[in-house]
Structure formats: structure tokens, C-alpha cells
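We're numbering straight along the sequence, starting at 1. Hydrogens, waters and symmetry mates play no part in the numbers below; they use all other heavy atoms, side chains included. Counting starts at 1 for both ligands and their atoms, following the listed order.
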Amino acid sequence: MKLKSKLQGSRAVLTVPGDKSISHRAVMFGALSQGRTTVDGLLQAEDVLATIEAFRAMGVDIHFSENGEVLTIEGRGFDGLKPASQPLDMGNSGTTTRLISGILAGQAFETELFGDASLSKRPMDRIAVPLRMMGAEVDGQGERVLPPLKIKGRKGLKAIDYRLPVASAQVKSALIFAALQADGKSRIIEKEKTRNHTEDMLVQFGGHLEVQGKEIFIEGGQKLTGQELTVPGDISSASFWLVAGLILPNMEIVLKNVGVNETRTGILDVIKAMGGELEISEFDAKAKSATLTVRSSELKATRIEGALIPRLIDELPIIALLATQAEGETVIADAEELRVKETDRIAVVADSLKKMGATITATDDGMRIQGKSRLHGAQLDSHGDHRIGMMVAIASLLVQEGEVELAGAEAIRTSYPSFFDDLEALCQSY
Ligand code: S3P
């Protein structure tokens, strides 16, 4: 695909698709509850479809309304899942794989999980170790327990008292799902606070847990009840337009109905720290959503590290692009988790932006990015990583000299199938 900037200034109003993390969990909690769950605003992208298909294969009736907008899940409870007749295809989705493993750990049958080439390189030892401690059998390839996985669960898991060695909402969530099927009370201690959609949704479905700082206490054997849910827009998808609005000349971009759960808003803190013009309006405390407006800004470099990292982990590729346009050197540290995402995002981000003329040094746990770079055309590849593909597409809007050629743009369907329609809308609103 060839990308060339046609932009010279505009105002655009966009509504990004539903939050990916919330959408996965809505399907899972719906399947594990008693009664019907309806979900409005669900993200209909490949990752979430992998979750839906996996539960259908385990006997859960899940269907879309005629207009395709509302998903209905006929819950079967923790005791109602059936063994799948074939291995389950997780596609590219680490979230599906890890969260479903926690669910399968408490089921008295064996399931095989496999995925694409990228998923087959994602470490699963981080879930295998604690789930084995709870009594499940989890097998994968090699020391890092790479997919394909075989999970042989059992009823009556042992409760766990576990300190997470990595800051990961996926691992935490897998353990919450397993703890809900264990005898007694589990304690999970986070390394850093990560997105808390699983905790929020458990309470929404009538369950309970106790959160004290980084400690989560959770009782096994809870019964959950189906709910009517509405999913807000994904701040991770919105972040591409936030950055576009800040770095392109004479721009104003308004993003409606964006999820602003405080465990996800690290990018907003970074934008403020860099001096970006950002307005938050129409805040809805119950839905945890708001309208975000950004305008072209003079930006300055910043340091991004520590507890901030899990609050913007998926936004770091596009934040790296933002930093190439700021005054000074931006440092990203404590982000070694980026190396085990859909690609090694430290290497791939640094490489891609360097090919476009930016000055970036990859470090073990992050990057050092020099600002005020003039980007030029180059031949680039998403390497099968949706967020790299979208970052490159936004970077191409800055290019005045040459053309950007992006191979593997189809990876973007993983989380944002209508991305190029929205990009077109942005270009036409000029
Ligand atoms: C997610 C958690 C994060 C994030 C991923 C979605 C989730 O992964 O990168 O895109 O929905 O729980 P980790 O838990 O591996 O950090």
C-alpha cells in the first residue's frame, strides 16, 4: 500500500471502534454468567472474533443482532462450557490466549490453543507457572511455553497467593478467572497497577473482589449474572488520531466517546507533560468515557517510565512518533515488555522510524528519541503488528519528500478494521 500525505490542515470529528480489552472480557464474562448478556459497541475485529469463536466452539450461543450492532451471549455459567471438538484458533490475540487459559484451567477437560506466527512467539510461561501451581496442566513449546498450548483443567483448583513477576493485565486477568473457580480465597499482587477492566467487569456482573493498593483478594465459587453492557471507544485506537492532531499543522481532531479508565490514560498525561493542547469534555463517570480534542502543538520532550508504562504500554509506538516531532530528547524506560508484544516493538519501532529519517536509539528497556526530525518516504512493513502498521500510516502524513510504502497493512484488522476509512475521512475533512 502506498501512503502519501494530502493534508494541510483540517478539523475532523471521529468515533473510534469499541475498546478491545473490554470487548474480550464482555464476551468471556457473558459466557461464564447465568442468563443473557447484551453488548453494544463491541469491537468487531479479528482479535475479538477469535474470542467469540472460541466460546461458540465450547457450546455458548453467541449472535449478532440483525443490524450487526448488538452482540447477545446466552451465558452457560462456569459449569456449562463443553469441550471443543477441535483445537481453538487464537489468531493473533495474546489477550484471548492468556485470559481463556485462566478460564480453561478450571474446566475438567483438555483444550488445545494455537495461533498465528506472531502468537507462536509470545511467552506463555507467565500464565503456565501460576496456573500449574493452582493444579492445572499447561503444556507448550520449550522453556517459555510458547503456543500451541495444551491445557488440561480441573474442577476444584487450589487458591493461589501469587506475586506477579511482570506488570501484565493479561496474566492478572487469567489468574482472576482461575481464582473464581478455585476453592477458597486467592491473593494476586501486581508488580505495577495495570488495566483493571476484569476487576470492574466482575463487579458489574454481580461478583465481588477486594483491591488494596496492588493486592487483589478474590473468593472462588462466585455466581455471575448476565448484564447489558456498552463498550466505549478504545483509547489505544484513539491515540493514533491524538498524535495526528498534535503533530500535523493546522489541525483539530475531536474524538467522541473514548474510554478514559484511569489505568489506560497514560498517553493523556504524556501529552500534557509535552505541552500538547488537549481538552477533555463530556466526561461520563459511569461509562468512564469522554470526548478528547487535540490541536496542533509545539511539543517538548519528556521522560516516560515506571508506573506510567503499564498505563500506556500499547501506545508507545505512536508516542515514539510523537517524540520525533518534539523539541529535545524523549526517553522511554522500564518498557522491556514491549519486546514481547505482537512484535519486538522496541526494535521494530526504532527501525521503522529510523528508515523514515528519525534519530532513535533502542535500549534494553525502551528508546531514546531525538526530536524535530524531518521524516521522508521509505519502504516499511507492519511485520504483522497492527499498531506498527497504524503508526507508520500516521507517520506518512508528515512526509513531504518521497512516498511511504507499507507492506502488511492488513494486520491493522486485528484491532481497527475501519482505520483506513477514518484516515480517508480525516483527509477529506480538509
Ligand atoms: C491487555 C493487556 C496488555 C496489552 C494488550 C491488552 C489486556 O498486555 O498490551 O494489548 O486486554 O489485558 P499485557 O498484559 O501483556 O501487558
Side-chain angles (χ1 to χ4, degrees), residues 17-29 42-43 45-48 50-51 90-103 115 118-119 121-130 144-147 164-177 188 190-202 214 216 231-232 234-240 259 261 263-267 307-319 334-346 348-349 365 384-391 411-412 414-416:
D19 187 278
K20 180 154 81 72
S21 294
I22 296 177
S23 296
H24 282 298
R25 287 157 172 84
V27 175
M28 293 177 183
F29 275 109
L42 182 101
L43 171 67
E46 282 172 357
D47 265 25
V48 178
T51 296
M90 305 282 102
N92 185 251
S93 180
T95 308
T96 310
T97 310
R98 295 197 177 113
L99 271 58
I100 219 170
S101 297
I103 294 168
S118 152
L119 190 85
K121 291 188 205 141
R122 311 277 304 268
M124 296 297 157
D125 49 340
R126 52 183 61 197
I127 50 160
V129 169
R144 304 194 80 191
V145 194
L146 304 179
L164 295 181
V166 282
S168 165
Q170 292 180 354
V171 180
K172 170 179 67 175
S173 301
L175 296 185
I176 291 175
F177 279 123
I188 301 158
E190 291 207 78
K191 186 173 178 204
E192 292 287 1
K193 279 208 173 217
T194 60
R195 66 192 67 194
N196 61 3
H197 303 301
T198 307
E199 296 92 309
D200 275 1
M201 216 179 272
L202 173 61
K214 291 180 187 163
I216 299 165
V231 182
D234 197 325
I235 192 167
S236 299
S237 300
S239 68
F240 296 98
N261 173 314
T263 60
R264 297 283 298 282
T265 48
I267 185 164
L308 184 53
I309 295 294
R311 295 181 55 234
L312 46 64
I313 187 75
D314 291 340
E315 288 65 79
L316 285 168
I318 193 69
I319 287 174
D334 304 322
E336 56 281 346
E337 273 296 300
L338 283 183
R339 294 213 179 265
V340 289
K341 295 294 177 190
E342 286 82 333
T343 52
D344 174 345
R345 285 186 179 156
I346 293 181
V348 176
V349 166
D365 66 347
D385 185 336
H386 51 134
R387 299 197 200 285
I388 299 295
M390 289 186 274
M391 184 274 283
I412 294 170
T414 296
S415 67
Y416 199 161

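Checked against a 3.5 angstrom limit, the closest N/O atoms of I313 and ligand 1 fall outside it. Ligand 1 has no N or O atom lying under 3.5 Å from any N or O atom of E337, backbone or side chain. On a distance-only criterion, S173 and ligand 1 share no N/O pair closer than 3.5 Å.
Note on ligand 1: K341 sits in its first shell, one or more heavy atoms being nearer than 4.0 Å. Residue contact annotation: R25 has a non-hydrogen atom under 4.0 Å from ligand 1. Residue contact check for ligand 1: H24 places no non-hydrogen atom closer than 4.0 Å to it.
At a heavy-atom cutoff of 4.0 Å, ligand 1 is contacted by no atom of K172, backbone or side chain. Within the 4.0 Å heavy-atom criterion, neither part of H197 lies near ligand 1.
Residues satisfying the side chain to side chain donor-acceptor pair (under 3.5 Å) test with D334, not counting sequence neighbours, are none. Among residues two or more places apart in sequence or in another chain, the side chain to side chain donor-acceptor pair (under 3.5 Å) test is passed with S236 by D234, R264, E315.
Of all protein heavy atoms, the one lying nearest to atom 4 (C) of ligand 1 is D314 OD2, 3.3 Å.
For the residue pair S21 / R195, a side-chain donor-acceptor distance below 3.5 Å is found, with atom types taken as modelled. Between T95 and Q170, the side chains place a donor N or O and an acceptor N or O closer than 3.5 Å (distance only, hydrogens not considered).
Per-residue contacts place R98 under 4.0 angstrom from the following atoms of ligand 1 (heavy atoms of the residue considered): 15 (O).
Side-chain atoms of T97 come within 3.5 Å of backbone N or O of S93 as a donor-acceptor pair. A donor-acceptor pair under 3.5 Å is absent between the side-chain atoms of T343 and the main chain of D385, judged by distance alone.
Screening V231, L42, L43 for a side chain to side chain contact (heavy atoms under 4.5 Å, CB included) involving K20 leaves a single residue, L43.
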